[in-house]
Amino acid sequence: MSIEMHSRRRFLVGSASAATLTAFGTGGLSSLSAFATPSRLSDDGGSFVPYGAAVRSDALSADSSYREAVIVNCQLVVPESELKWLELRPAPDQYRFGKADAIIDFARQNGIRVRGHTLAWYGALPKWTESIATRADAERELTDHIETVVSRYKGAIPSWDVINEPLVDWPESAASLRPSIWARRLGPDYLRLALKATAAVDADAQLVINEYDVEYAGARFSAKRSALVQLLRSLRDRDVPLHAVGLQAHLFAGRTIDRDGLQSLLTEIKALNLDVLITELDVIDRELPSEIHERDKLVADLANQFLGAVHEVIRPKAILTWGLSDRYTWVPIYFKRRDGMPNRPLPLDADLKPKPLFEVIEQFRHRA
Ligand code: 9MR
């Protein structure tokens, strides 16, 4: 077994009950000492799975009821965009940390843990990265970025989606990588480089590969599962540090969850001694009926089916939804409803009231 084994590392549930309301974004972090609070993943023997959500810095700063809902409900947060290259790297020689710092400051002041998303992805890259021309330049840019960002947040971000969405939609094998600047210039080696660079800076960080479309029935999705397993094995065989797989779980109402396929994937992941996190759960409700009670129930049922299948094989180390409230969700960008009604993909409705999906997540968090 050559993958570093860090399954003992768990998210320690933050003391959200001791949360205090603090101003958001009032100057951000003045110095790195602000990150001194120990927040590494540690062995808490936790009796329940921490819940968290992707958060937006602009909404945290402008919307106090949303901010309160995050404090009350989340043990974990992940910046929805603020740690992506597009936000952090306006120019090759420039880093812009203000928005990410503000989220981390908010989390720290409220006893909430932070996950980092994401270091090596094909998406949300600034235009200038397209001009990275050589292998050596790509290696230098990727490594410098990881060293700068991960060291800045060492101790404050104990878990990173180092790699996001590495595989194409219908992969033939683990070699079917999405054509990003990293894959084009460095080939599959970009995965190893990114993971090793992260581990070199923060040996205690939980390193995660985050992927989507691994839960459904159909040839495309089973190809994705096989390629992902192959990819994980090849990293293990080359001693690449990796601790967990993130299942995004953007669940499409209208697609069928392949219970057996998903469970075989999880069994393979478990056999590799990797942990599992649910990282971006939400339910894309475009195809669901208009009536709200019925729709909310179907949304909850789908999540229940998915989490039930996962839980029979492995207890996830965390459950995060991609947003907390229907007030702030990415879903309508791509999946607007045809009846013109707002999407309802998340645990709290647009008035921040809990929906049946919230109860489903609560049940799984407390299941042994
Ligand atoms: O929700 C995010 C949206 O606000 C951003 O515009 C977009 C591009 O950065 O990314 C969305 O988040 C994605 C995440 O980073 C990776 N998995 C899919 C998420 C939804 O598209």
Side-chain angles (χ1 to χ4, degrees), residues 52-63 66 70 74 76-90 96 99-100 102-103 114-130 145 149 157 159-169 171 177-183 191 194 208-216 221 224 228 244-253 255 276-286 299 303 306 318-336 342-348 350:
V55 294
R56 295 182 180 177
S57 58
D58 52 353
L60 281 172
S61 114
D63 180 346
Y66 164 73
V70 172
C74 296
L76 283 168
V77 292
V78 55
E80 185 169 342
S81 293
E82 291 79 351
L83 286 166
K84 291 171 182 171
W85 279 67
L86 191 59
E87 286 292 337
L88 290 179
R89 305 296 308 280
R96 188 174 53 188
K99 289 181 183 173
I103 291 179
V114 183
R115 299 202 63 246
H117 174 91
T118 174
L119 299 166
W121 187 30
Y122 75 93
L125 288 172
K127 194 98 182 120
W128 65 261
T129 55
E130 286 168 22
H145 178 88
V149 176
I157 300 189
S159 174
W160 275 101
D161 290 336
V162 179
I163 310 286
N164 195 36
E165 304 172 356
L167 294 163
V168 297
D169 277 341
L177 297 174
R178 270 181 201 279
S180 65
I181 190 73
W182 314 122
L191 303 165
V208 181
I209 290 188
N210 198 37
E211 195 43 285
Y212 71 106
D213 269 358
V214 297
E215 54 277 273
Y216 305 113
F221 308 107
K224 191 86 169 251
L228 180 58
V245 178
L247 308 187
Q248 291 189 0
H250 294 292
L251 303 179
F252 278 79
R255 288 186 191 165
V276 166
L277 287 81
I278 310 303
T279 51
E280 304 187 14
L281 177 65
D282 55 15
V283 178
I284 294 158
D285 62 342
R286 187 177 53 182
V299 163
F306 170 77
I319 301 176
L320 295 105
T321 49
W322 205 242
L324 176 63
S325 151
D326 296 335
R327 198 181 283 182
Y328 303 110
T329 162
W330 71 285
V331 170
I333 305 174
Y334 300 111
F335 304 108
K336 257 196 189 4
N343 296 90
R344 298 175 66 86
L346 289 166
L348 304 186

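Numbering of ligands and ligand atoms starts at 1, following listing order.
Residues L83 and W160 have side chains in contact (heavy-atom distance under 4.5 Å, counting atoms from C-beta outward). Inter-residue side-chain proximity for L281 and L251 is flagged as met; some heavy-atom pair is nearer than 4.5 Å.
Partners of D161 according to the side-chain hydrogen bond (donor to acceptor under 3.5 Å, both in side chains) rule, which considers only residues two or more places apart in sequence or in another chain, are R115, H117.
A salt bridge between D63 and R56 is absent, with no side-chain N of the basic residue lying under 4.0 Å from a carboxylate O of the acidic one.
Note: W85 and W128 have tilted aromatic rings, judged against thresholds of 30 and 60 degrees for the angle between ring planes.
For ligand 1, the protein residues placed under 4.0 Å by at least one non-hydrogen atom are E80, S81, K84, H117, W121, A124, N164, E165, Q248, H250, E280, W322, W330.
Considering NZ of K99 and CD of E80, their distance stands at 12.0 Å, rounded to 0.5 Å.
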